[in-house]
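Contents: one structure, followed by commentary.
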Amino acid sequence: MSAEFVFGIHAVKALFERSPEDVLELFVLKDRDDQRLQPILQLARQFGVSVQFCQRRVLDDKVDGAQHQGVVAKARMQQSGDEKDLALIIEQQANPLLLILDGITDPHNLGAILRSADAAGVHAVVAAKDRSVKLTPVVRKVACGAAEVVPFITVTNLARTIRELKDAGVWVVGAAGETDSSIYQTSLTGPLAIAMGAEGDGLRRLTKELCDSLMKIPMAGSVSSLNVSVATGICLFEAVRQRSNAN
């Protein structure tokens, strides 16, 4: 388990709430009177975590100039799970809802996707180890705590994992603009994995071929496509709506 810097008020607070034993040290902007930082400072005192009050330049250097909101934590970070963790999740869930990401490389998009996945009750987010963004500090900040809650699974071979999901009884639906079936015509109930493609390129050919069905978001305006994090949220909450009505 490696140590890294986590920054941003929501991400650091979520870290204390989920894994306080992994927080090694807290760095806070000196002379900043921000009430939003008080709960974090209280948590640090509660768990005996050392707090250092620093000049802005010191915090900026720790996070390579990213927007840290005046708080940075050094912590032991649990990295992504693997195929065995995914198999266990499927075994434990009677009606799993999974999200497959095919080539997402932008950390801001991944952070936003994790936030939507948490809100929608997704049991695991699955991505390939190669050519995909990892759980970086930027991802954790944008996710506002969701990265510490939603299981993030990285697999060696995404195509093989999709085949294994199908063998386990999970229906795999891919989002693709070229299909005729809209998300509102597609059944998203039962054990389900929704596959979303990379920014701009969409799902790779093999991934689309392995999907049990494809769906698209109807577009009424002049814009031809949506940002992948926005599209993911729409697809996930259509699944939530259908699954709620099915119960």
Side-chain angles (χ1 to χ4, degrees), residues 1-24 26 36-37 39-40 42-44 46-47 49 63 66 68-69 71-101 104 106-127 129 132-155 161 165 170 191-196 228-230 232-237 239-240 243-244:
M1 189 180 293
S2 61
E4 63 182 54
F5 291 113
V6 177
F7 55 88
I9 290 170
H10 293 293
V12 172
K13 188 169 184 287
L15 184 61
F16 268 111
E17 292 172 345
R18 296 287 299 183
S19 306
E21 68 280 1
D22 291 329
V23 184
L24 304 174
L26 187 68
R36 295 181 301 167
L37 293 177
I40 295 174
Q42 290 173 7
L43 287 167
Q46 178 183 338
F47 293 108
V49 174
V63 299
H68 47 67
Q69 297 178 303
V71 61
V72 178
K74 183 179 181 181
R76 290 185 294 263
M77 298 309 301
Q78 182 69 43
Q79 296 305 308
S80 54
D82 57 18
E83 288 87 347
K84 291 180 181 177
D85 297 308
L86 180 60
L88 187 60
I89 290 169
I90 294 170
E91 184 181 315
Q92 292 173 337
Q93 299 296 332
N95 194 26
L97 174 59
L98 308 174
L99 177 62
I100 298 171
L101 303 180
I104 303 299
D106 186 293
H108 292 88
N109 278 338
L110 178 56
I113 286 170
L114 288 172
R115 231 176 139 176
S116 294
D118 178 42
V122 168
H123 296 111
V125 175
V126 182
K129 287 182 179 177
S132 298
V133 66
K134 307 298 187 292
L135 287 180
T136 66
V138 172
V139 171
R140 294 182 188 277
K141 179 179 184 294
V142 175
C144 292
E148 283 66 52
V149 179
V150 180
F152 185 69
I153 308 294
T154 56
V155 298
T161 297
L165 288 174
V170 177
L192 175 71
I194 296 176
M196 304 297 299
V228 65
S229 65
V230 174
T232 300
I234 292 171
C235 292
L236 286 177
F237 277 93
V240 169
R243 295 158 82 86
S244 297

Review point. Given the rule in the side-chain contact (heavy atoms from CB on, under 4.5 Å) test, do Arg243 and Leu192 qualify, once you have shown the distances and angles that lead to the verdict?
Key: CA-CA 10 Å; Arg243 295 158 82 86; Leu192 175 71; 3.6 Å; yes

Would you give the length of the straight line joining atom [atom1] of [X] to atom [atom2] of [Y], rounded to the nearest 0.5 angstrom?
| X | Y | atom1 | atom2 | answer |
| --- | --- | --- | --- | --- |
| Leu101 | Ile113 | CG | CD1 | 5.0 Å |
| Met196 | Leu236 | CE | CG | 8.0 Å |
| Ile9 | His68 | CD1 | NE2 | 11.0 Å |
| Thr136 | Phe5 | OG1 | CZ | 15.0 Å |
| Asp22 | Arg18 | CG | CZ | 11.5 Å |

**Study point:** Residue list, side-chain hydrogen bond (donor to acceptor under 3.5 Å, both in side chains) with Ser132, at least two apart or on another chain
**Key:** none

Point to revise | Test salt bridge (charged side-chain N to carboxylate O under 4.0 Å, His left out) applied to Glu4 and Lys74, Arg140, Lys134, the passing residue | key: Arg140

Kindly indicate whether the side chain of [X], heavy atoms from C-beta on, has any atom under 4.5 Å from the side chain of [Y].
| X | Y | value |
| --- | --- | --- |
| Pro191 | Asn95 | yes |
| Asp106 | Val133 | no |
| Val23 | Val12 | no |
| Leu98 | Ile90 | yes |
| Phe152 | Thr154 | yes |

Check your understanding: Checking side-chain contact (heavy atoms from CB on, under 4.5 Å) for the pair Ile100/Thr161: CA distance, chi angles, key distance, verdict?
Key -> CA-CA 10 Å; Ile100 298 171; Thr161 297; over 6 Å; no

Check your understanding: So, does Arg36 use its side chain to make a donor-acceptor pair with the main chain of Gln69 at under 3.5 Å?
Key -> no

Check your understanding: For Leu15, does its backbone N or O pair with a side-chain atom of Ser19 as donor and acceptor, under 3.5 Å?
Key ->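 Absent.
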
If I compare all heavy atoms of [X] with all of [Y], which pair ends up nearest, and what's the gap?
| X | Y | value |
| --- | --- | --- |
| Leu26 | Ala44 | CD2-CB, 3.9 Å |
| Ala146 | Asp118 | CB-CB, 3.8 Å |
| Cys235 | Ile194 | O-CD1, 3.9 Å |
| Asp85 | Ile153 | CB-CD1, 3.8 Å |
| Arg115 | Val142 | CD-O, 3.7 Å |
| Ala193 | Leu165 | CB-CD1, 4.4 Å |

Review point. Taking atom NE2 of His123 as the centre, does the number of heavy atoms from other residues, nucleotides or ligands within less than 6.0 Å exceed 12?
Key: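 Enclosed: over 12 neighbouring heavy atoms sit under 6.0 Å from NE2 of His123.
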
**Study point:** All salt bridge (Lys or Arg N to Asp or Glu O under 4.0 Å) counterparts of Lys13, not counting sequence neighbours
**Key:** Glu17

